[in-house]
There are 2 protein chains.
Amino acid sequence: MSYIMKLREASESIDRRILNTALDLFVECGYYNVSVHDIQKQANVSIGSIYNHFGGKEGIAKALYYHVLSEMEELVNSVVAQKLGAVESCNQLIRLLFEQTESQRNTISFVLHAKHREFLPEEPPVCSATPFKAMRDIVQTGMANGEIRQCDPWVAAANVFGGAIRMIHLRLDGVIEQPLPTFYEELLKVTWQGMEVNQG
Amino acid sequence: MSYIMKLREASESIDRRILNTALDLFVECGYYNVSVHDIQKQANVSIGSIYNHFGGKEGIAKALYYHVLSEMEELVNSVVAQKLGAVESCNQLIRLLFEQTESQRNTISFVLHAKHREFLPEEPPVCSATPFKAMRDIVQTGMANGEIRQCDPWVAAANVFGGAIRMIHLRLDGVIEQPLPTFYEELLKVTWQGMEVNQG
DNA sequence: GTCTATATCCAGATAGAC
DNA sequence: GTCTATCTGGATATAGAC
């Protein structure tokens with residue numbers, strides 16, 4: 001083990017080391033392709049510690065799930081706290097999500113890309129969690145105050161964020177090869193003004 | 001085993017019975033939560049037959065993957081063959097996808113919702129498969145002939161189909177409770193004309 | 001609380017009769 | 001080609017020393 005690694009381990013709590021390692025492995029290989037031993041080895045902790053701290057593999061996944069959800073919630077709250085208009089709030093959210101897809105790839109991947117129901121069957125689906133509700137609420141507010149065209153709430157939310165989320169998926173799958181912020185301005189333009197060529 | 005079941009089994013080839021059963025189980029429980037024995041029991045075939053026909057669990061998944069991809073390809077081709085304009089082609093595609101999400105739920109779920117890379121690591125990602133390329137091509141054509149606003153190809157495709165795909169995901173997750181065709185008209189309006197309220 | 005060594009279980013895969 | 005019975009590896013989880 002390198003000196004750098006030792007330093008890093010000393011600076012991180014054992015819990016964090018387990019969670020960080022698990023996040024990397026789950027995202028890279030998929031939950032069911034990762035064994036407790038894999039996590040144990042890569043995190044340089046004993047298997048006993050893992051069972052003491054989290055009670056098992058599913059315990060790790062659950063802790064991780066709530067951890068990344070709370071990070072997501074922070075992100076949404078940081079935008080809401082600015083009290084911008086609805087449209088501008090959505091834009092900031094998309095900008096932050098695009099940036100974090102590049103800088104915090106695995107966190108975003110675990111929130112937006114993982115199929116939690118498969119390994120955490122008891123938990124509610126992500127999209128019904130608070131940060132996602134908050135995103136839909138922002139759109140709702142915009143419709144109420146006339147910033148955003150009136151329409152069905154699901155349609156509105158899917159249209160505002162659907163394009164961005166689709167691009168995040170494609171980026172995480174390696175299909176899009178440029179960093180997402182490259183597309184930010186252009187995406188906003190078509191999202192708000194539409195795809196149809198203006199007549200006259 | 002009921003009389004109806006026997007009739008159904010007699011009318012289906014053993015291959016189809018295995019694939020149909022596997023599709024249902026994979027979608028409902030997730031690939032790794034389904035054992036070969038589960039498939040074997042529910043399809044009323046012996047485990048030996050499964051290994052003879054598909055060589056194992058991964059063989060089933062691979063066959064299924066190409067099967068549903070070809071169904072998806074048919075769907076796209078059926079629209080392309082009509083030689084409509086680009087915008088109208090996209091609309092028809094979305095309409096068909098919405099309808100099939102209700103009538104062929106598991107097929108759509110396996111194509112659009114499953115994480116194939118986790119259990120078929122050798123296969124290319126779905127979104128790089130032909131039907132998805134064809135969808136992007138339709139959008140491209142529309143930009144070339146002036147039907148659709150000029151912009152980055154990824155942004156355009158994500159915006160045209162992103163809202164629809166997002167709604168399909170939400171529907172498959174049980175978050176949206178109404179059948180998707182309900183939203184068809186409204187979705188098209190905002191997709192093409194945008195979300196921003198017109199000035200004046 | 002942390003570790004190693006071990007127990008238990010069940011999945012995928014195979015063997016060999018028919 | 002189809003079946004049942006069986007093997008084997010590897011996973012989760014535990015026991016018990018330190």
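First the proteins, then the strands, lettered A, B, ... as listed; each starts at 1.
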Give the residues of residues 52-60 of chain A touching DNA chain C, defined as any heavy atom closer than 4.0 Å, sorted by residue number.
Asn52(A), His53(A)
DNA chain C contacts made by residues 25-41 of chain B, counting heavy atoms under 4.0 Å
Val34(B), Ser35(B), Val36(B), His37(B)
Considering only residues two or more places apart or on different chains, which pairs with a residue in residues 131-162 of chain A satisfy ring pair (Phe, Tyr, Trp, His ring centres under 6.0 Å)?
none
Residues forming a side chain to side chain contact (heavy atoms under 4.5 Å, CB included) with Ser35(A), sequence neighbours excluded:
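Scan of Ser35(A) (side chain to side chain contact (heavy atoms under 4.5 Å, CB included), adjacent residues dropped) gives His37(A), Asp38(A).
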Hits for side chain to side chain contact (heavy atoms under 4.5 Å, CB included) against Lys189(B), two or more places apart or cross-chain, chain-then-number order -> Arg149(A), Gln193(B)
[X]: which residues meet the side-chain hydrogen bond (donor to acceptor under 3.5 Å, both in side chains) condition with it, sequence neighbours left out?
X        : value
Glu58(B) : none
Glu88(A) : Gln92(A)
Asn77(B) : none

What are the 5'-most and 3'-most nucleotides of DNA chain D lying under 4.0 Å from any heavy atom of chain B?
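Nucleotide range with atoms under 4.0 Å of chain B: dT2(D) to dA5(D).
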Under the salt bridge (charged side-chain N to carboxylate O under 4.0 Å, His left out) test, which residues partner Glu123(A), sequence neighbours left out?
Lys62(A)
Same cluster for Leu84(A) and Met135(A) if Ile/Leu/Val/Met/Phe/Trp/Tyr side chains link at under 4.5 Å?
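No, because Leu84(A) and Met135(A) fall into different hydrophobic clusters, even though each may have its own neighbours under 4.5 Å.
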Can you give me every donor-acceptor pair (side chain of residues 177-187 of chain A, partner residue at least two apart or in another chain, under 3.5 Å) with its distance?
{"unit_1": "Thr182(A)", "atom_1": "OG1", "unit_2": "Pro179(A)", "atom_2": "O", "d": "2.6"}
{"unit_1": "Tyr184(A)", "atom_1": "OH", "unit_2": "Asn91(A)", "atom_2": "O", "d": "3.2"}
{"unit_1": "Glu186(A)", "atom_1": "OE2", "unit_2": "Asp152(B)", "atom_2": "N", "d": "2.9"}

Only distances under 3.5 Å count here; give the side-chain donor-acceptor pairs of residues 108-116 of chain B to other protein atoms, sequence neighbours excluded, each with its distance to 0.1 Å.
{"unit_1": "His113(B)", "atom_1": "NE2", "unit_2": "Asp173(B)", "atom_2": "OD1", "d": "3.1"}
{"unit_1": "His116(B)", "atom_1": "NE2", "unit_2": "Phe110(B)", "atom_2": "O", "d": "2.7"}

